[in-house]
Amino acid sequence: MMTSPTRTAETATLRFDPFDEAVLGDPYAHHAVLRDTAPVVLFEPGGYYAMARHAEVQAALKDWQTFVSGRGVGLADFQIEQPWRPPSLLLEADPPLHERTRGLMSKVASLASLRNVMPQWQAKADTLADQLIARRHIDAVTDLGEAFPLQVFPDLIGLRDDGRDNLIPYATATFNAFGPRNRLVEQSLAASAQAAVWVAEACRRANLKPHGWGAQVFAAADRGECSQDEAERLVRSFLSAGVDTTVNGIGNMIHAFATHPEQWQLLRERPDLAKRAFEESLRWGGTVQTFFRTTGRAVDIAGTTIPEGAKVLLFLAAANRDPRKWDDADRFDITRSASGHVGFGFGIHQCLGQMVARMEAEAVLNALIPRVAQFRLTGKPVRRLNNTLHALGALPIELIPA
Ligand code: OVV
């Protein structure tokens with residue numbers, strides 16, 4: 001898998017497969033080599049480039065003219081290969097199209113509309129927390145990480161009530177599909193064939209409830225900001241990006257606290273740190289590990305020339321633990337400022353739904369802080385391998401009541 005780095009005249013080459021299942025199961029074990037070998041490395045046998053230092057990852061994310069998204073943000077180059085589904089009009093688009101879709105979608109996903117629902121979300125999180133405490137032994141992945149987002153997010157979009165269990169399999173396949181066509185892609189695409197049909201149906205105007213974010217995208221279409229077909233595909237973006245990310249964001253955060261009980265103790269003493277704690281959990285144990293870009297022109301990075309049309313893998317999670325950027329980078333410390341982390345990306349594509357993620361996490365933390373004295377791990381956390389996400393399959397814990 002990983003051998004010692006070899007250096008040609010200009011390009012550092014690593015024999016390394018980031019999508020190897022052993023690597024996906026323990027990605028952080030490999031990041032130091034990726035960062036320390038060179039600012040840019042060429043992976044063999046994959047034949048694509050990679051960056052893992054904070055400075056270079058952030059600069060590449062900012063330079064959307066060079067590191068384009070319209071040719072796909074997975075390994076497949078949409079200029080050469082047929083995408084597995086019609087491309088996202090947000091994630092897999094460049095300006096000027098992206099400016100129009102992003103502008104429309106940011107108006108829909110406004111902070112004001114989230115503030116309106118926050119009291120209901122908090123009440124739901126409190127009720128869920130009471131139920132979980134009463135059970136004492138839970139799987140924090142299914143019972144909390146999945147349960148809470150599924151209680152609030154589909155209603156925010158205004159999705160039909162039936163079939164919501166299709167959301168996670170669909171998102172799982174979507175995030176796997178950014179990687180190479182390995183076993184994970186084949187399995188999750190096969191397992192989500194029905195889910196993809198359900199998602200396509202759920203995005204149609206007739207199937208969206210009148211006041212949700214979905215209906216508001218169609219209202220933008222009525223104003224001429226996009227076509228009806230585009231509106232369907234933009235609603236699909238909410239469903240693709242908004243579920244498995246927050247599910248695992250919450251799961252990874254609980255995992256961080258379960259393995260750092262002194263940090264949970266500290267948060268209980270200083271609940272005002274809740275917002276910081278979630279940002280730090282994204283920095284330390286980020287959910288979205290990587291995204292690709294494609295070079296739209298040849299570019300020189302610290303003496304290495306990346307040719308035009310190359311795929312470049314950006315290691316967001318490695319950048320978030322780069323000791324060149326962070327003191328004691330591997331330490332989970334809720335008192336630090338994690339601001340500058342690239343867990344939500346950076347630049348024009350920076351996560352549109354980041355406030356949704358933050359509000360969900362805050363509601364969960366606000367509910368747990370007064371109720372839970374300690375998360376006691378009662379079994380080994382199980383990773384759920386995904387080509388893009390650092391995901392959990394199971395997190396058995398005992399909730400010690402406050
Ligand atoms: C950030 C993200 C992930 C997956 C899918 C999409 C976006 C989309 O726009 O479909």
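Whatever order the structure lists them in is the order used to number ligands and atoms, beginning at 1.
Shortest non-hydrogen contact noted between His255 and Leu392 is CB-CD1, 4.0 Å.
Residues Phe292 and Phe178 keep their aromatic ring centres 6.0 Å or farther apart.
Without hydrogens or angle criteria, Lys325 side chain to Asn320 main chain gives no donor-acceptor distance under 3.5 Å.
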Name the atoms and distances for all side-chain donor-acceptor pairs under 3.5 Å in residues 373-381, with sequence neighbours left out.
residue : atom : partner : partner atom : Å
Arg376  : NE   : Glu398  : OE1          : 2.9
Arg376  : NH2  : Glu398  : OE1          : 2.8
Thr378  : OG1  : Pro396  : O            : 3.2

- Between Asp143 and Arg135, is a salt bridge (charged side-chain N to carboxylate O under 4.0 Å, His left out) present by the stated rule, with each step listed? CA-CA 11 Å; Asp143 300 330; Arg135 285 176 42 193; 3.0 Å; yes
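Among Thr11, Ile301, Leu42, the one residue that satisfies the side chain to side chain contact (heavy atoms under 4.5 Å, CB included) test with Ile306 is Ile301.
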Could you check ligand 1 for N or O atoms lying under 3.5 Å from protein N or O atoms and list the pairs with distances?
residue  : atom   : partner : partner atom : Å
ligand 1 : 9 (O)  : Ser88   : OG           : 2.6
ligand 1 : 9 (O)  : Ser237  : OG           : 2.6
ligand 1 : 10 (O) : Arg85   : NH2          : 2.9
ligand 1 : 10 (O) : Ser237  : OG           : 3.4

